[in-house]
Amino acid sequence: VLWFHFTTGAVKTAPALSKDENESTVFVGSQDKSFYAFNAVTGAIRWQYSSTRFIEASPVVTRSGIVLTAGTSSYTVFAFNATTGAVLWSWFNTNRGLFRVALALSEDESRVYVGDNLDTMHCFAVDPAAPQRELWSVSAGGAINSAATVTPGRTLLNKPFVFEIIFGSDDQALYIVNGETGKTAVSANFRHGKIQSAPSLMYSSTSNTDWSQMLLTSTESGVVMGIQHRVPFDEDDSRSLKRAWTYDVETGTSGKHLLHRVNQTTGYYLVGTSGGSLYCFDAAKGDVLFELEGFEGGLNPDEPLLLDGNI
């Protein structure tokens, strides 16, 4: 152990890391109502922001030096100067929805997305000088305890597709939403339990008539799913979300799972459970490649890490 720091409350957020030319910083929130910036090498506190409520939403850091997080029961999204800790902007959720999930950045880092525990996914402008802070919001059929996954925009057969965000909801449905406008492109209810795991994108494939994606997620009740997302090029045809495979791990799953892509069609999906098991799935087919048991206290909602082929 190189260093540790005791906060006076539970730490429910995953840390975020900024890598500067001369030094790196670890950012993390705590139920002691503080948000911390630590020197990644020494563990020294660079700065600390004291809030009035728990901070449980996992932060994100932009390349331009802005760190964003959200206070859970303060109903507030914060943007800090990553170097000084100065508050660049904050936004209060007047609907009193709690923020408990990780924030997600668009590819160009101009927008940040986070859902609340009522039923709303919010999109904010990151730039402190932006004339409008909340750009749009969209309602799901239940609480949003799944972090959003951002898919890149693309042009296929000379047809442009804007970037989109994908997230699950406690209404047991998966939603795909236009990242620029907030318009729902497609949604489907899979009736396997609350979807509280951030979706992962396995692959995209293209034919003369459509392009498709394999999406991976899991439910609070323990059902791991591969979902086929079909996007037809014909505007008169409809998008679809259909189950490609399912597997019941029998205990709860949430948080973020690790997807390791080998190539366009091969990948491994690592899912930790509250029962203390780690499953490795063939991401395309859903076959269980191995299961490791005996992790006392459970594994979710922490995402496994892969380093030099080791989990």
Side-chain angles (χ1 to χ4, degrees), residues 14 58 101-102 104 113 115 121 140 144-152 154 163-177 179 185-206 211-231 239-275 277-292 299-306 311:
S58 297
V101 299
Y113 305 93
M121 177 62 68
I144 299 174
N145 290 305
S146 157
T149 296
V150 180
T151 66
R154 65 194 67 203
F163 72 96
E164 295 175 321
I165 64 168
I166 309 171
F167 60 92
S169 169
D170 283 7
D171 67 353
Q172 307 184 47
L174 193 70
Y175 293 82
I176 299 181
V177 172
V186 64
S187 65
N189 191 311
F190 294 98
R191 305 190 184 282
H192 284 304
K194 301 174 182 178
I195 299 178
Q196 297 186 343
S197 296
S200 297
L201 175 61
M202 169 55 197
Y203 65 77
S204 298
S205 61
T206 307
W211 65 276
S212 63
Q213 297 171 315
M214 174 67 82
L215 308 174
L216 305 164
T217 189
S218 68
T219 69
E220 183 189 41
S221 60
V223 177
V224 184
M225 297 186 288
I227 299 169
Q228 197 74 31
H229 173 216
R230 177 180 174 269
V231 183
R239 290 193 186 201
S240 63
L241 288 168
K242 295 182 178 180
R243 279 183 294 265
W245 58 264
T246 61
Y247 187 90
D248 191 347
V249 298
E250 299 180 354
T251 58
T253 66
S254 63
K256 177 73 173 175
H257 308 314
L258 173 68
L259 174 63
H260 174 59
R261 299 182 194 87
V262 177
N263 54 44
Q264 178 73 2
T265 58
T266 305
Y268 307 107
Y269 192 45
L270 293 159
V271 177
T273 75
S274 58
S277 293
L278 178 68
Y279 288 84
C280 179
F281 295 92
D282 180 316
K285 300 176 182 178
D287 297 334
V288 177
L289 302 178
F290 64 79
E291 176 190 358
L292 302 178
L299 286 173
N300 64 307
D302 297 323
E303 177 184 2
L305 299 177
L306 196 66
I311 303 167

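- The OG1 atom of T219 sits 11.5 Å away from the CZ atom of F190 when rounded to the nearest 0.5 Å.
- When side chains are defined from C-beta on, F167 counts as touching I144, because their heavy atoms get closer than 4.5 Å.
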**Message:** Apply side-chain contact (heavy atoms from CB on, under 4.5 Å) to residues M121 and V177 and explain how you reach the verdict.
**Reply:** CA-CA 10 Å; M121 177 62 68; V177 172; over 6 Å; no

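- Residues A188 and L241 come closest through the heavy atom pair CB-CB, 3.8 Å.
- For Y268, the OH atom sits in a loose shell: 12 or fewer heavy atoms of surrounding residues, nucleotides or ligands are nearer than 6.0 Å.
- Side chain of W245 to main chain of A283: a donor-acceptor pair is present (N/O by atom type, distance under 3.5 Å, no hydrogens or angles).
- The shortest distance between side-chain heavy atoms of V288 and F281 falls below 4.5 Å.
- Not a single donor-acceptor pair under 3.5 Å links the side chain of Y279 to the backbone N or O of T273.
- Between the NE2 atom of H229 and the CG atom of L215 there is a distance of 7.0 Å, given to the nearest 0.5 Å.
- Defined by atom type and a distance below 3.5 Å, a donor-acceptor pair is present between the side-chain atoms of S218 and H257.
- Checked by atom type and distance alone, the side chain of S187 never pairs as donor or acceptor with a backbone atom of L174 at under 3.5 Å.
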**Item:** I176 vs T151, side-chain contact (heavy atoms from CB on, under 4.5 Å): CA-CA, chis, key distance, verdict
**Value:** CA-CA 10 Å; I176 299 181; T151 66; over 6 Å; no

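- In terms of modelled atom types and a separation under 3.5 Å, the side chain of N189 and the main chain of D171 share a donor-acceptor contact.
- Listed here is the closest heavy atom pair of L278 and G272: CD1-N, 4.0 Å.
- Closest approach of M202 and G267 over heavy atoms only: CE-N, 3.4 Å.
- Judged by distance alone, the side chain of T149 and the main-chain N or O of S200 form no donor-acceptor pair under 3.5 Å.
- Atom NZ of K194 is separated from atom OG of S169 by 9.5 Å, given to the nearest 0.5 angstrom.
- To the nearest 0.5 Å, the span separating CZ on R261 from OG1 on T266 amounts to 12.5 Å.
- The two residues A147 and P199 have their closest heavy-atom pair at O-CD, 3.7 Å.
- Remark: the backbone N or O of S197 is paired with a side-chain donor or acceptor of T217 at under 3.5 angstrom.
- A heavy-atom distance below 4.5 Å is found between the side chains of Q228 and M214.
- Using a distance-only test at 3.5 Å, with no hydrogens or angles considered, a donor-acceptor pair links the side chain of Q172 to the main chain of G193.
- A distance of 16.0 Å separates CE in M225 from NZ in K242, rounded to the nearest 0.5 Å.
- We find the CG-CG distance between L258 and L216 to be 11.0 Å, quoted to the nearest 0.5 Å.
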